[in-house]
Structures are given as structure tokens and as C-alpha cells.
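Quick notes on the structure that follows.
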Amino acid sequence: MSLADKIFIDMCQDIIENGTSTEGEKVRPHWEDGSSAYTIKKFGVVNRYDLSREFPAITLRKTAIKSCTDEMLWIWQKKSNNINDLHSHVWDEWADETGSIGKAYGYQMGVKHQYKEGMMDQVDRVIYDLKNNPFSRRIMTNLYVHQDLHEMHLYPCAYSMTFNVTQKPGQDKLVLNAILNQRSQDILTANNWNVCQYAVLVHMLAQVCDMEVGELVHVIADAHIYDRHIPLVKELITRETHPAPTFWLNPEIKDFYEFTRNDVRLDNYVTGPQIENIPVAV
């Protein structure tokens, strides 16, 4: 069993056995038939993944590494808010007729801000500091911009990354660690997807900044399983598990803006079958 499998199984069991239900409450999400989408949830879930030990892709079912990487690059590299720049359809529900999701996600990453070193957007600022001020405690991004919330088609779920660099005694290379903050997460549809895409991001930034990967800490304020997902999750966490896959990142890429979804791969990735036709609350 991979560490990622154990973390996922333990988290799901904890939510199902010890979580609180929103049934009967006034909730925003709804199902396609118009009925309210209630959840069972836990507050303040914190999961730690040591990326130096293994890549955190669960083996209970397959996580599409190229697709989740593509979405991450859509936000962090292309700084786009238009679904026509994506190779998947995960954002279709929130796009308007032009393909825009409003001033959300990639849009915020592309906004330039004034620093004493000059004008930079959030991504370029992170890379600049990792290369020039690696031990700074101020290396972070934030997508939850209140003045623009009314122009976002969906408020950011994974809204903040905080980077922290450490150094092992006697080692020359620095170690890149990160915290992913998430206000809300649909555990079945999005948990391992988000974990994998931000693990890829840490690997990419570490490579272009000549560092090693360390820990990815995932903090979820509202970790929930939708009512119609509970039977699916119960079946999923009883499946056979397998060893963690081996992550490959194209070692030739030294510029973050040159990475593509084809520069990542999971080798020896043995998984259970996909879950078909998962209902999605919107």
C-alpha cells in the first residue's frame, strides 16, 4: 500500500464515521435534478506527503496525471481563465459562452504587482524568491482576492500555496516544501487530483530552482463527501492497493514556462478501475 492510499483511506473512514452532516441545512450546491447536495464533512483535515519518498498518486483508482498537470499549468503557467486553453472539460460547468470563468484562478496569477524589484505576477515572484531569497518566509500565492470575487464564476477552492525552503545538515542542495490551503474539497472527485497536481508543481519548481523536493502539506478547511458519493467511497476504500508509482519529470527542462503536460509520467502505476458516471454537484 502506498502512503497516499493509507492517507486517503484513513481520511475517508474518518469523515464517514466521525463527520457531521449538512442534511436539512441551507446549502448552495445542488444536483442536476435540482435537489440539494448535502455532505458529510470534517473540519480542518491536514495531510502530509513526503515527496522525497514517493509520488502521492493513489492506486485505488487511476489519477490522470497528464490531465491534472494540464489544469495546474493552465493556472500557473498559462495564467488563463478560459477553458479553451485546457485539454479537459473539468471547468465546463462554470464557463460562459466565451469560455471564460471570470476573474478566477489563472487570471489572478497573471495580475502584475509592484515590488521593490519591479513589476511581477505571483508566479514570477515565487520563482524569483526561490532563486534569490530561498529562506524568505514570505514566498506564497493567493487567489482569494475579495475585490474580484463577484466576477468569479466559482470562488477559488485551492486558493493559496506557501513555499518554505529547508536544508539538511551536510547537504548542499536546498529542499523545497509547500503548503496547499484549500477552503473546501469534494473528496471523491478532487482530492487526489489536487494532491497530484500540486505535487507536480513542487517537483517542477524544485527542478528549475536546483532544489530537491520535500514535503507537501495539504490543509482542507471543509473536507466533505457528498451524500450520493458515500456508497462509491465506501466501495473505493475497500479495494486492493498497490505500491506507489514512480514519477518521471523531463530532466531537460530548466525553465518553468517550458514544461508541458507531456513532460510528466507515472511509471509502474498499477490501479483499480475507474468509477464511471460520478454525479457532480454544482
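What you are looking at is a predicted structure, and each value in this text was computed from that prediction instead of being measured.
Tyr257 and Lys79 make their closest contact through OH-NZ, 2.7 Å (heavy atoms, listed as atom of the first residue, atom of the second, distance). Here the shortest heavy-atom pairing between Val282 and Trp94 reads CG1-CZ2, 4.2 Å. Taking all atoms of both residues into account, the shortest heavy-atom contact from His150 to Gln147 is CE1-O, 3.1 Å. The two residues Val27 and Ala37 come nearest to each other via the heavy atoms CG2-O, 3.9 Å. The nearest pair of heavy atoms linking Phe256 to Leu73 is CZ-CD2, 4.3 Å. Summarising the geometry of Asn262 relative to Trp248, their closest heavy-atom pair is O-CZ3, 4.3 Å, with the distance given to 0.1 Å.
A distance of 5.5 Å separates SG in Cys209 from NZ in Lys131, rounded to the nearest 0.5 Å. Atoms NE2 and CD, from His113 and Gln122 in turn, are 5.0 Å apart once rounded to the nearest 0.5 Å. Annotation: the span from Met72 atom CE to Leu201 atom CG amounts to 5.0 Å, rounded to 0.5 Å. Atom-to-atom distance recorded for Ile7:CD1 and Asn47:CG is 5.5 Å, nearest 0.5 angstrom. Expressed to the nearest 0.5 Å, how far CG of Asn132 lies from CD1 of Ile127 amounts to 11.5 Å. Within the model, atoms OG1 of Thr162 and CG of Asn142 stand 9.0 Å from one another, a figure rounded to the nearest 0.5 Å.
Other residues, nucleotides and ligands place no more than 12 heavy atoms under 6.0 Å from the CD atom of Glu93. Environment of CG in Asp33: crowded, with over 12 heavy atoms of neighbouring residues, nucleotides or ligands closer than 6.0 Å. Other residues, nucleotides and ligands contribute more than 12 heavy atoms inside 6.0 Å of the CD atom of Glu17. Heavy atoms from other residues, nucleotides or ligands lying under 6.0 Å from CG of Asp267 number more than 12. Heavy-atom contacts from other residues, nucleotides or ligands closer than 6.0 Å to CZ of Phe43 number 12 or fewer. Environment of NZ in Lys173: crowded, with over 12 heavy atoms of neighbouring residues, nucleotides or ligands closer than 6.0 Å. Around CD of Gln167, the count of heavy atoms belonging to other residues, nucleotides or ligands within 6.0 Å exceeds 12.
With a 4.5 Å cut-off on side-chain heavy atoms, Glu252 and Asp263 do not count as touching. Looking only at side-chain heavy atoms (C-beta outward), Ile15 and His224 stay at 4.5 Å or farther from each other. Between Leu130 and Leu176 the shortest side-chain heavy-atom distance falls below 4.5 Å. Contact annotation: the side chain of Glu215 never approaches that of Tyr49 to less than 4.5 Å [non-hydrogen atoms, C-beta and beyond]. Counting heavy atoms from C-beta outward, Leu188 and Arg61 have side chains that approach closer than 4.5 Å. Between Ile9 and Thr241 there is a side-chain heavy-atom pair separated by less than 4.5 Å. Looking at heavy atoms from C-beta onward, Cys12 lies in side-chain contact with Ile187 at the 4.5 angstrom threshold. Between Val233 and Tyr226 there is no side-chain heavy-atom pair separated by less than 4.5 Å.
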- Would Thr246 and Leu266 count as a side chain to side chain contact (heavy atoms under 4.5 Å, CB included) if you check the C-alpha gap in whole Å, the side-chain angles of each, and the deciding distance to 0.1 Å? CA-CA 6 Å; Thr246 301; Leu266 291 180; over 6 Å; no
- Hey, mind stepping through Phe135 and Asn164 against side chain to side chain contact (heavy atoms under 4.5 Å, CB included) and telling me if it holds? CA-CA 7 Å; Phe135 290 104; Asn164 190 274; over 6 Å; no
- Message: Between Asp5 and Thr59, is the side-chain hydrogen bond (donor to acceptor under 3.5 Å, both in side chains) condition met? List the steps.
- Response: CA-CA 7 Å; Asp5 284 324; Thr59 69; 2.6 Å; yes
- Evaluate the criterion side chain to side chain contact (heavy atoms under 4.5 Å, CB included) for residue pair Leu154 and Trp91; output intermediate values, then yes/no. CA-CA 10 Å; Leu154 179 69; Trp91 279 96; 3.8 Å; yes
- side-chain hydrogen bond (donor to acceptor under 3.5 Å, both in side chains) evaluation trace for Asp70 with Ser67: CA-CA 5 Å; Asp70 182 57; Ser67 293; over 6 Å; no
- Message: Go through it in stages, so that I can follow the logic: the residues are Thr63 and Asn192, the test is side-chain hydrogen bond (donor to acceptor under 3.5 Å, both in side chains), and I'd like the CA-CA distance, side-chain angles, deciding distance and then a yes or no.
- Response: CA-CA 7 Å; Thr63 295; Asn192 201 239; 2.7 Å; yes
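Under the 30°/60° scheme for interplanar angles, the aromatic rings of His203 and Phe55 are found to be tilted.
Taking a cutoff of 4.0 Å between a charged side-chain nitrogen and a carboxylate oxygen, Lys78 and Asp85 do not qualify as a salt bridge. Between Lys6 and Asp10 a salt bridge is recorded (basic side-chain N to carboxylate O distance below 4.0 Å). Looking at Arg125 and Asp121, no side-chain N of the basic residue comes within less than 4.0 Å of a carboxylate O on the acidic one, giving no salt bridge.
Using a 4.5 Å cut-off between side-chain heavy atoms of Ile, Leu, Val, Met, Phe, Trp and Tyr, with links allowed through other members, Val175 and Ile179 fall into different hydrophobic clusters. Under a hydrophobic clustering in which Ile, Leu, Val, Met, Phe, Trp and Tyr are joined whenever their side-chain heavy atoms come within less than 4.5 Å, directly or via other members, Ile16 and Leu60 fall into the same cluster. Linking ILVMFWY residues whenever their side-chain heavy atoms come closer than 4.5 Å, directly or via other members, places Val126 and Tyr198 in the same cluster. Taking hydrophobic clusters as Ile, Leu, Val, Met, Phe, Trp and Tyr residues chained together by side-chain heavy-atom distances below 4.5 Å, Ile230 shares a cluster with Met11. Note on Met204 and Val217: separate hydrophobic clusters, where clusters join Ile, Leu, Val, Met, Phe, Trp and Tyr whose side-chain heavy atoms are under 4.5 Å apart, directly or indirectly.
Checking Val264, Val200, Leu249 one by one against Phe259, the side-chain contact (heavy atoms from CB on, under 4.5 Å) holds for a single residue, Leu249. When the options Gln182, Arg183, Lys41 are evaluated for a side chain to side chain donor-acceptor pair (under 3.5 Å) with Asp222, the one that passes is Lys41. Tested against Ser80 for a side chain to side chain donor-acceptor pair (under 3.5 Å), the candidates Tyr105, Trp74, Tyr107 yield a single pass: Trp74.
Between the side chain of Ser35 and the main chain of Trp31, no donor-acceptor pair closer than 3.5 Å is present. Looking only at distances, a side-chain donor or acceptor of Asp96 sits under 3.5 Å from a matching main-chain atom of Gly99. Put simply, the side chain of Ser160 gets close to the backbone of Thr141: a donor and an acceptor are under 3.5 Å apart. When atom types are taken as modelled, the side chain of Glu54 and the backbone of Ala4 share a donor-acceptor pair closer than 3.5 angstrom. Side-chain atoms of Gln274 come within 3.5 Å of backbone atoms of Lys62 as a donor-acceptor pair (strictly under, hydrogens ignored).
A donor atom on one side chain and an acceptor atom on the other are found under 3.5 Å apart for Asn191 and Gln185. Using a 3.5 Å distance cut-off with no hydrogens or angles, the side chains of Glu71 and Gln197 do pair a donor with an acceptor. For the residue pair Thr166 / Asn177, a side-chain donor-acceptor distance below 3.5 Å is found, with atom types taken as modelled.
Within the cation-pi definition used here (under 6.0 Å to the ring centroid, within 45° of the axis), Arg265 does not qualify as a partner of Phe247.
Ring centroid separation for the pair His218 and Trp193 does not come in under the 6.0 Å cut-off.
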